[in-house]
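Here is how names work: the chains are called A, B, and so on, in the same order as the sequence lines, proteins then strands, and each is numbered from 1.
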4 protein chains.
Amino acid sequence: MENGKPGAATTRICVARPDGVEVRGRDLCRDLMGRLSFTEYFYLLVTGNEPTDDQRYFLDLLLVAIAEHGMTPTVQAARMTLAADPDSLQAALAAGILGCGSVLLGTSEACGRLLGQVQTRVANGEGAEAAALDVVRDYRNSGRKVPGFGHPLHRPVDPRTVRILELASARGIGGPHVGLARDIDDAVAEVWGKRLVMNVSMPIAAVLMDLDFPAAMIKAIPLLARTGGILAHLAEEQQNPLGFALAASAEAAVSYRGQDEGD
Amino acid sequence: MENGKPGAATTRICVARPDGVEVRGRDLCRDLMGRLSFTEYFYLLVTGNEPTDDQRYFLDLLLVAIAEHGMTPTVQAARMTLAADPDSLQAALAAGILGCGSVLLGTSEACGRLLGQVQTRVANGEGAEAAALDVVRDYRNSGRKVPGFGHPLHRPVDPRTVRILELASARGIGGPHVGLARDIDDAVAEVWGKRLVMNVSMPIAAVLMDLDFPAAMIKAIPLLARTGGILAHLAEEQQNPLGFALAASAEAAVSYRGQDEGD
Amino acid sequence: MENGKPGAATTRICVARPDGVEVRGRDLCRDLMGRLSFTEYFYLLVTGNEPTDDQRYFLDLLLVAIAEHGMTPTVQAARMTLAADPDSLQAALAAGILGCGSVLLGTSEACGRLLGQVQTRVANGEGAEAAALDVVRDYRNSGRKVPGFGHPLHRPVDPRTVRILELASARGIGGPHVGLARDIDDAVAEVWGKRLVMNVSMPIAAVLMDLDFPAAMIKAIPLLARTGGILAHLAEEQQNPLGFALAASAEAAVSYRGQDEGD
Amino acid sequence: MENGKPGAATTRICVARPDGVEVRGRDLCRDLMGRLSFTEYFYLLVTGNEPTDDQRYFLDLLLVAIAEHGMTPTVQAARMTLAADPDSLQAALAAGILGCGSVLLGTSEACGRLLGQVQTRVANGEGAEAAALDVVRDYRNSGRKVPGFGHPLHRPVDPRTVRILELASARGIGGPHVGLARDIDDAVAEVWGKRLVMNVSMPIAAVLMDLDFPAAMIKAIPLLARTGGILAHLAEEQQNPLGFALAASAEAAVSYRGQDEGD
């Protein structure tokens, strides 16, 4: 085994046997089917543990918050792919998922790193507001965008952000990271001289961190959620095909310019 | 618009506006977030309606039943892809989804068509057992496999099949299609002279049809479910990389044979 | 090995060893690099043999003919995917390839089957024109489209079809299948009462069959060709991003219609 | 248009019209088909210019050098995907392409950046050997791997590297970047105290830079090349299915370890 250590090849997720399927040490058929919701099962699959009530509630909340956002470029890519190859639902789904890249997932992750950075300074005795201000000023001075701020459509606020924070308060989940998200929001407003839109990526990261979700789930949650949204669009595409019409509208807005035309 | 009718380009799924997101005629932030589980939201996204209790229960049940089945070829493809390109979780997920093809999805769909075929004859006055026997005999005589029977691992029964049918009985969901699935099982045993393994695809199709799920969901449910399972493997792969070891073990089992070697 | 026969796992394509790479029985570094063009190497990789001059000429011709056709839906899907995830060129390429489905590849293959069907009747002593007419009439009478006819843009002819047939004549490749393609063209005109556009898929299939290409290449050639075209668009997208503009134009042409609006 | 500037949406690659297809200012059917090889056409598509003889020669050489390397993880992912979904050649191809990530493409690109870094110092008057030594020492001191060195299989040299450099010399392409690649090779040997394997990524980058290829092609060339190799494996897989056998061998080498087993 060129790149693997002998004996190291173990998995803890699942084994299928002739008479049953064992998942994370549990019997799939006897213990899990009919008892766990899909959300709870997803948490168990990824982490090895069943979620607490709060973890289950916010995992559902976040999945619902980001599963769908209209006729986005990735949804269009998926619908055009299904129009071009109607025989493969999974190919169209894959095409849609492939666009769920750094913009969406990277942002939640980057927010998580930013929150961790401020949190470390607080743990070392600095005040939260001062730490947030200092870190945000660093971003500004080095010409970098603060992750989790700005949105091409939503203003003056991202309504999903507002709602997640509202429900976090209502459920008493206002832990340290949610608090830091608010501090960072204020710091950005002070440093930029105006309030910027805190987009949905920041409260996603903050809530997940306050609820002790593993880092891997910060990436996996938007992917599972968007899979649900893309599948809904593909089910609609099968009944009401838009893919070619979308492509024709887009094509009409592009002009070709040959080599010799005033180059 | 070459392939689209002007005015026909409408979607009913979602629109994002500066101050909110509307999904299926509902306000995402005020009405759906925090109220619906992801499973309920997925049903709403695909169908436009919220599920009944039974629909929600069995949608969760079926998603849990088929999300994960161990180190399958598609899981291996996903893990090898992440090993080869660790920078893109979505690419590895897409690689795994691409193998969720005719074997898995086609089978549930084909089971649905078979159930519909028998059901039509029953609606025309034929007895269910006789109709099932006649249809199954046709398959045998024309040398075709009956969809939903046989499994490379599970025997003498597919434990997921047993459990789904058990829970359908317990919840009183034994509608006409679940009944027909049992009749087809008996017919197959009679025609083949021995009981074959009725795999999980048949009860999936039967339960969905008895609960009035739209046909589009027969395909979409396994895809969403497997996305959850693949993401769990990819989270594990990030912590405990197996992809290259899997590939090395597989490669060691293949020999190269040049043109000139006794061809 | 559940689905494989022990000892049957052999490949004839390639083996990499510490001191060299052997491809199809040849030494990659000493014998192939610097001698073969990529087109010749592709033929060798797929078939195990180096192409004749005519095979090489027409493989190049067909690859050039179908590599690129403007801002098609699959190119748009690829460009939108790169816009959404600029970090992964291979993900955007994959999204574009996924749409190269039944429309494009299925058509060449279906043309191949149609040509084979007519050829079989000719081999059994029927005249070519009569056989073509009979087979085409069957399609018409059973309400099926004859594969290889019709194009959404090109009319009154597909200029690529004209050029391929012209070059086939010029090089003396007018073998039986190219002849049958012309007979089928005439038969379609007679049965439909007007000449339909014979699109590029028919001469692709006919030329490949006259040059003894293996069936697998009928599918593989358009995929390799389009990969070249998509990569060119992605290189342009990196310099001159259109993906989000394409998506915005397309989105503007779609309207959302909620549940309650006169449904 | 949310993210696009009005009027900016132009492409220079291709436009399809009813009576013809124009590519990079040329008539596809009259001017390009039958005249250009696929390699020359690919260069034209990406760059807008036809290649010189040397550019064509080395583009063919590099495509041949890296198209195929045996039963790699990405080839296995592609073959398993085709085994799992035999209906979609393009899905299996996409699965294979998705693994062509940072290892392969990133390395050539990183080599290009390294060569550029050394070249800048030389342009500023430093000696080539001293500049190479200095830059390589920086990598070593900061604990980073020098891109383009090391290979899991090939030793003591990568035979493809040797052959590319040999042919570059033979054709008189030993421009500044090929020379710097040799200087870096020597510098690595000195700093590490032993000669490391200079893998194929370094001469690829050096040759491309000496021949004035645009940066976009450093990424695109391996992707097009590997597409050819993967398609060959998929053609073989259709005739001689290995995908499930590969997966079974790999699965047999992994053990499942439940939660309770000495965790």
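Of all the listed residues (B:Leu98, B:Val21, B:Val162), the one sharing the greatest number of non-hydrogen pairs under 4.5 Å with chain A is B:Leu98. The choice from A:Pro159, A:Ala67, A:Gly20 that makes the most heavy-atom pairs within less than 4.5 Å of chain B is A:Pro159. For the set B:Arg155, B:Arg171, B:Glu237, the count of heavy-atom pairs under 4.5 angstrom toward chain A peaks at B:Arg155. Across A:Val64, A:Val15, A:Val197, A:Asp87, the residue that shares the most heavy-atom pairs under 4.5 angstrom with chain B is A:Val64. Most heavy-atom pairs under 4.5 Å with chain B: of the set A:Thr227, A:Leu45, A:Leu61, A:Ile13, this distinction falls to A:Ile13. Between chain B and the residues A:Val46, A:Leu234, A:Leu231, the largest count of heavy-atom pairs under 4.5 Å involves A:Leu231.
In summary, the side chains of B:Asp60 and A:Ser37 do not present any donor paired with an acceptor at a separation below 3.5 Å, with no hydrogens or angles considered. Residues A:Glu68 and A:His233 have side chains that bring a donor and an acceptor to within less than 3.5 angstrom of each other.
Here ring pair (Phe, Tyr, Trp, His ring centres under 6.0 Å) pairs that include residues 20-49 of chain A, with residues two or more places apart or in two chains, are A:Tyr43-A:Phe213. Within the structure, ring pair (Phe, Tyr, Trp, His ring centres under 6.0 Å) pairs that include any residue of residues 56-77 of chain A comprise A:His69-A:His151, A:His69-A:His154 (at least two apart or interchain).
Side chain of B:Thr161 to main chain of B:Val157: no donor-acceptor pair is present (N/O by atom type, distance under 3.5 Å, no hydrogens or angles).
Looking at B:Ala65, both its backbone and its side chain come within 4.5 Å of chain A, counting heavy atoms on both sides. Interface residue A:Arg30: backbone and side-chain heavy atoms are both found under 4.5 Å from chain B.
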